[in-house]
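What follows is a short report on a single structure.
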Amino acid sequence: KKSNFIKQNFPGINFACSAQDIFVPKSKEVFTNEREVNAMLDLVKQELGEHWSAYGQAITTALANENKLLSKLNGYIIDTAGKQLRPVLCLLAAQACGKVSQMSYECAAVCEIIHTATLLHDDVADNGDMRRGVPTVKAVFSPAASVLTGDYWLARGMHVLINKQC
């Protein structure tokens, strides 16, 4: 069914999954490198406007704590965030369905929190020192800090997911 949908709605375009988990047509008219993808996402985030700001507040609130080291780690991760494709897609889907609400922001935050938690763990498992050209938490702080922060992010994501009924 998926291939029929693609053939009917996108004739003549061959789709492939990129390393960045983004489905993009193999066509010269579309974004062909990471810089173009990032520029496109920045435009979408600008168009989301207040919804993007509300998502930012939701993720900050979800991760709030009184521990100075954890706050410093959280700040580093948020300040060096990647494309944030998942929350963009959540908010766009909410708009497409007709209503962006507080739950939309919280669910978008949960998507990014859980995804980031897996990256924090992955950087230790893969001994990764750089991600998207930025030093990882493992490299800047320690492997233990990366794993434990990943655990915290996963726990907070699950907490929001359950309590807000995303």
Side-chain angles (χ1 to χ4, degrees), residues 15-26 28 30-95 100 104-161 164 166:
F15 282 76
C17 182
S18 73
Q20 300 149 344
D21 297 332
I22 302 171
F23 284 91
V24 295
K26 289 182 178 177
K28 301 217 187 284
V30 209
F31 305 102
T32 57
N33 64 49
E34 190 168 351
R35 186 177 33 179
E36 290 175 342
V37 170
N38 288 337
M40 182 269 309
L41 283 171
D42 288 343
L43 290 172
V44 172
K45 291 172 189 177
Q46 287 175 7
E47 286 296 316
L48 286 169
E50 67 183 52
H51 297 307
W52 188 251
S53 297
Y55 150 75
Q57 184 59 48
I59 197 167
T60 301
T61 300
L63 296 168
N65 67 84
E66 296 180 11
N67 182 285
K68 289 181 183 178
L69 177 57
L70 189 53
S71 293
K72 183 176 181 178
L73 287 158
N74 288 345
Y76 179 79
I77 296 164
I78 289 170
D79 289 345
T80 59
K83 292 182 286 292
Q84 298 181 310
L85 177 63
R86 288 154 190 82
V88 166
L89 293 174
C90 285
L91 296 175
L92 290 174
Q95 277 187 338
V100 182
S104 305
Y105 309 137
E106 290 162 349
C107 291
V110 166
C111 288
E112 189 65 13
I113 288 168
I114 292 173
H115 172 66
T116 302
T118 65
L119 296 179
L120 288 161
H121 290 148
D122 185 58
D123 289 338
V124 175
D126 293 345
N127 200 26
D129 290 333
M130 299 290 280
R131 184 173 292 280
R132 300 173 321 279
V134 177
T136 62
V137 168
K138 175 204 155 281
V140 173
F141 296 92
S142 71
S146 191
V147 170
L148 293 172
T149 304
D151 291 349
Y152 175 77
W153 279 53
L154 184 59
R156 293 304 301 162
M158 293 298 163
H159 175 80
V160 173
L161 183 67
K164 304 297 182 173
C166 288

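Values reported hereafter were calculated over all heavy atoms of this structure, with side chains retained and with hydrogens, waters and symmetry mates removed. We number each residue from 1, following the sequence as shown. Predicted model only: the values in this text are computed from it and were never measured.
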[X] [atom1] to [Y] [atom2] distance, which is reported to the nearest 0.5 Å:
X: Trp153; Y: Leu70; atom1: CH2; atom2: CG; result: 9.5 Å
X: Arg132; Y: Leu119; atom1: CZ; atom2: CG; result: 7.5 Å
X: Ile113; Y: Arg156; atom1: CD1; atom2: CZ; result: 8.0 Å

As a quick check of understanding, evaluate side chain to side chain contact (heavy atoms under 4.5 Å, CB included) for Leu91 and Val100, giving each step before the final call. CA-CA 7 Å; Leu91 296 175; Val100 182; 4.2 Å; yes
Minimum heavy-atom separation for [X] to [Y], with atom names?
X: Pro135; Y: Val140; result: CB-CG2, 3.5 Å
X: Glu112; Y: Pro87; result: OE1-CD, 3.1 Å
X: Ala117; Y: Gly150; result: CB-O, 3.3 Å
X: Ser142; Y: Ala145; result: OG-N, 3.0 Å

Side chain of Thr61, backbone of Ala58: donor and acceptor closer than 3.5 Å?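 Such a contact is absent between Thr61 side chain and Ala58 backbone.
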Check: Ala94 main-chain N/O paired with Ser104 side-chain donor or acceptor under 3.5 Å: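 Judged by distance alone, no pair lies under 3.5 Å.
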Please lay out, stage by stage, how Asn74 and Thr149 fare under the test side chain to side chain contact (heavy atoms under 4.5 Å, CB included). CA-CA 8 Å; Asn74 288 345; Thr149 304; 4.1 Å; yes
Answer yes or no: is there a side-chain heavy-atom contact under 4.5 Å between [X] and [Y]?
X: Ser71; Y: Asn65; result: yes
X: His121; Y: Asp151; result: yes
X: Leu120; Y: Val147; result: no
X: Ile78; Y: Leu63; result: yes
X: Asp122; Y: Arg131; result: yes
X: Leu73; Y: Tyr152; result: no

Under 3.5 Å, sequence neighbours excluded: what are the donor-acceptor pairs made by side chains of residues 39-48?
unit_1	atom_1	unit_2	atom_2	d
Lys45	NZ	Lys83	O	2.9

Enumerate the ring pair (Phe, Tyr, Trp, His ring centres under 6.0 Å) contacts for residues 38-93, please, sequence neighbours excluded, ordered by first and then second residue.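 As it turns out, the ring pair (Phe, Tyr, Trp, His ring centres under 6.0 Å) pairs with a partner in residues 38-93, which skip direct neighbours, are His51-Tyr105, Trp52-Tyr55, Tyr76-Phe141.
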